[in-house]
There are 2 protein chains.
Amino acid sequence: MPKPHQERTIFTGYLGARSLKTTRERLAILDEVFGHDGHFGADELYVKMLRKKIPVSRATVYRTLEHLVESGLVQKVYLSDHNQRKALYERAHGRHHHEHMHCLSCGEILEFSDDPLEERQAAVCRRLGFKPLRHSLRIEGICASCQAKS
Amino acid sequence: MPKPHQERTIFTGYLGARSLKTTRERLAILDEVFGHDGHFGADELYVKMLRKKIPVSRATVYRTLEHLVESGLVQKVYLSDHNQRKALYERAHGRHHHEHMHCLSCGEILEFSDDPLEERQAAVCRRLGFKPLRHSLRIEGICASCQAKS
DNA sequence: ATTAATGCAAATTGTTTGCACGGTC
DNA sequence: GACCGTGCAAACAATTTGCATTAAT
């Protein structure tokens, strides 16, 4: 029985505000998501919970992840190089905005952020009269440690 | 019978270099791709050719697009907002690198490029020792004309 | 009691693949 | 003639959905 955390309060608030129900399953998924860091796929999360014998269906995992994204607690990202068809999720609450670097050699996903870069993007948007709401930058290449190896 | 263009020379060269065959179907797909601008999905391309009564199968369209990407003539991008599962393609040969803005209101995809932005990305990579090979930036928001409407 | 959520399995979507036949080098 | 490519339909992977049942308010 995981102890209540801040995210749980936010999520129950989100649910209540829309007359959605705070179910055992939804809370279990929330706990699972906020119990670990890093990127994960919906199916991986489902399998992980299966193994832990936490009773939940694949459909509910998918449906709940949507709500978590909608509530702003979780972010959906598309990172994988070749199999771009699989969505990944990452915790968003309590974290600052960041971009991703993807090492094509080891597969590692690195996160970084850079204010001047953000500002330059904003400047371009101003120049074109485009109102930015969100953005994602993905840089693919070879990470430092893989370069060292070869 | 479309007249030979530069891309055709490049493509046949690419094929020959790998002992792949220059088939009627591959050339027809190449011509179709370079006969128009903008972004398109593999299936759309297939349907367009069907309507024009150009005999080609869906499988061949997919397989040929792979080769076009491999040859550098075409670029595969993931742009659609919600249905990120669908890949789009765009002409790459003879065009400069660019990023995309996606208007969430009208769906329009705008292209732009900005050297200082590119340079700033390069600088971040240098700082982290990451060797960039390619990148993609997608900014979602509301385009100028949609803002004017509301 | 009312209304929403779950689980299951079937349906969808975009894409890939195995295999017999046909075309290119 | 050797080998590669094509077309078809079946296979796939990730995700979504319809519906009868169960649970939260």
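Labels below follow one simple rule: chain letters A, B, ... track the order of the sequence lines, proteins then strands, and each chain is numbered from 1.
Each of C:dA5, C:dG7, D:dG5 was ranked by its minimum atom distance to the side chain of A:L20; first place goes to C:dA5. Proximity note for A:T22 (side chain, C-beta onward) versus D:dT25, D:dC3, D:dT6: the nearest is D:dT25. Nearest nucleotide to the side chain of B:T23, out of C:dT24, D:dG7, D:dA24: C:dT24. When distances run from any side-chain atom of B:R26 to the nucleotides D:dC8, D:dT6, D:dT15, the shortest one goes to D:dT6. Residue A:R24 has its side chain nearest to D:dA23 when only D:dA23, D:dG7, C:dG7 are considered.
In terms of polar N and O atoms assigned as donor or acceptor, the side chain of B:K86 never comes within less than 3.5 Å of the base of C:dT15 in a complementary pairing. Between the side chain of A:R85 and the base of C:dG14 there is at least one donor-acceptor pair of N/O atoms closer than 3.5 Å.
The nearest whole Å value for the distance from the CD atom in A:E25 to the P atom in C:dA4 is 17 Å. The distance from atom NZ of A:K21 to atom C1' of D:dA24 is 5 Å, rounded to the nearest whole Å. Put simply, CD on A:E66 is 17 Å from P on D:dA14, counting in whole angstrom units. Atom OH in B:Y62 sits about 15 Å away from atom C1' in D:dA9, given to the nearest Å.
With salt bridges taken as basic N to acidic carboxylate O contacts below 4.0 Å, one links A:E119 and A:R126.
Between the OG1 atom in A:T64 and the CG atom in A:L30 there is a gap of 9.5 Å [rounded to 0.5 Å].
As judged by a 4.0 angstrom heavy-atom cut-off over every strand, A:R63 is placed among the base-contacting residues. Nucleic acid contact class of B:R58 (heavy atoms, under 4.0 Å, all strands): base.
Linking Ile, Leu, Val, Met, Phe, Trp and Tyr residues whenever their side-chain heavy atoms come within less than 4.5 Å places B:Y14 and B:V69 in a single cluster.
Applying the 4.0 Å criterion to OP1 and OP2 of D:dT25, one finds that A:S19 has every side-chain N and O outside that range.
Looking only at atom types and distance, the side chain of A:H98 has a donor-acceptor partner in the side chain of A:H100 under 3.5 Å away.
C:dA11 and C:dT15 have their P atoms separated by 22 Å, with the value rounded to a whole Å.
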